[in-house]
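Take a look at the structure set out below.
Below, chain A is the first sequence line, B the second, and so on; all start at residue 1. The analysis underlying the following values was restricted to heavy atoms, covering all of them including side chains, and did not include hydrogens, waters or symmetry mates.
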Number of protein chains: 2
Amino acid sequence: MKALTRNQELVLDVLQRSARQMSAYDILDKLRPEGLKAPLQVYRALEKLMEIQLVHKLESLNAFVSCNHKSCHGSDMTAFTICQDCGAVNEFSADGVAALLKRQSVGEGFKIYQTAIEIKGTCARCM
Amino acid sequence: MKALTRNQELVLDVLQRSARQMSAYDILDKLRPEGLKAPLQVYRALEKLMEIQLVHKLESLNAFVSCNHKSCHGSDMTAFTICQDCGAVNEFSADGVAALLKRQSVGEGFKIYQTAIEIKGTCARCM
DNA sequence: TATGTAATGTTATAATATAACAAACTGAGT
DNA sequence: ACTCAGTTTGTTATATTATAACATTACATA
Ligand SMILES: [Zn+2]
Ligand SMILES: [Zn+2]
Ligand SMILES: [Zn+2]
Ligand SMILES: [Zn+2]
């Protein structure tokens, strides 16, 4: 587990403190006081953080969240619910789904490398 | 089942003839000879086509495909494999996965409206 | 025909992401 | 300490994807 660089620390820290997903530009704005100036500085940090699964990208929102799911590091399976009313995002365990997808995709002759499962709907608080 | 408008027909037609997913701007370029000039003309057509599930968006690619899955219209469950080597996209039936996700998300007090399941890996031809 | 709804055309701009390249840092091996 | 390779950084510029705003036109239907 390699140590994070300064920019990676900064980006991860901002994401962890945030209650919500953030766009790369949201993150950049938060980090201007620390001296960051260019989108690439954020995107490069995000790229590494996603590689080691400390951060996930919500593809359907073009936004990023820190991983709060103890057991997903090293797994290739990540699933999110996204509430369309309040915007709340929740990472949840989808092991059964993962296994099923794997079986089914093997049936189709497909070797899974990574999955994005994003479920939009209404969360409990908003029902 | 309302009839499609001219722009919607044009966009759907281009997508159906394409062997691959296309970005909105790919589609626009194909349709310049037909008189389309602005991105919005394409995006608006895509919006309607997605509403009636004749077209799906691949969120992780910011690209669009026509639906070739006979039974998915009216369903809220769509799943894709995306080959990272050759780029091939395949829409596949994920009823079991859908059911499982539904059960699990109900457990979390979440009402599903729509899902995006995108699986990246290597297809049979590329293995 | 009157009336409301949906679709269109157009210009401009916002939001998201990457290319290219030079400079600085890091760690392993000598 | 020196060297080399690989990684990270800073910076400017640009590419790609998507929407805002607003005037206009088509279409259904009562
Ligand atoms: Zn996670
Ligand atoms: Zn909610
Ligand atoms: Zn479909
Ligand atoms: Zn392939």
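- Within the 3.5 Å criterion, the main-chain N or O of A:Leu10 finds no donor-acceptor partner in the side chain of A:Asp13.
- Panel note: side chain A:Gln53, backbone A:Leu49; no donor-acceptor pair is recorded below 3.5 Å.
- A sub-4.0 Å separation between OP1 or OP2 of D:dT9 and a side-chain N or O of A:Thr5 is present.
- Checking C:dA17, C:dA7, D:dT19 against the side-chain heavy atoms of B:Lys48 singles out C:dA7 as nearest.
- Between A:Ser23 and the phosphate of C:dT16, there is a side-chain N or O to OP1/OP2 separation shorter than 4.0 Å.
- Put simply, the side chain of A:Met22 reaches to within 4.5 Å of the side chain of A:Leu15, judged on heavy atoms.
- Residues B:Thr81 and B:Glu91 fail the side-chain proximity criterion, which asks for heavy atoms closer than 4.5 Å.
- Separation of atoms NZ (A:Lys120) and CD1 (B:Ile112) is listed at 13.5 Å; rounding is to 0.5 Å.
- When hydrophobic clusters are built by joining Ile, Leu, Val, Met, Phe, Trp and Tyr residues whose side-chain heavy atoms come closer than 4.5 Å, directly or via intermediates, B:Leu12 is grouped together with B:Leu36.
- Between A:Met50 and A:His56, the closest side-chain pair of non-hydrogen atoms is not below 4.5 Å.
- Between B:Glu59 atom CD and D:dT16 atom P the separation is 20 Å, expressed in whole Å.
- Remark on the helix from C:dT1-D:dA30 to C:dT30-D:dA1: inter-end axis angle 40°, axes from five-pair C1' superpositions, rounded to 10°.
- In this structure, the CG atom of B:Leu49 is 15 Å from the C1' atom of C:dA6, given to the nearest Å.
- A salt bridge is defined here as a Lys NZ or Arg NE, NH1 or NH2 lying under 4.0 Å from an Asp or Glu carboxylate O, and A:Lys48 with A:Glu51 meets this definition.
- Distances shorter than 4.0 Å separate some side-chain N or O of A:Asn62 from OP1 or OP2 on C:dA17.
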Under 3.5 Å, N/O pairs linking protein and nucleotides 9-14 of chain C:
residue	atom	partner	partner atom	Å
C:dG9	OP2	B:Asn7	ND2	3.0
C:dG9	OP2	B:Gln41	NE2	2.6
C:dG9	O5'	B:Gln41	NE2	3.4
C:dG9	N7	B:Arg44	NH2	2.4
C:dG9	O6	B:Arg44	NH1	3.2
C:dG9	O6	B:Arg44	NH2	3.2

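- Taking the side chain of B:Gln8 as heavy atoms from C-beta on, and the options C:dA7, C:dA17, D:dT19, the nearest nucleotide is C:dA7.
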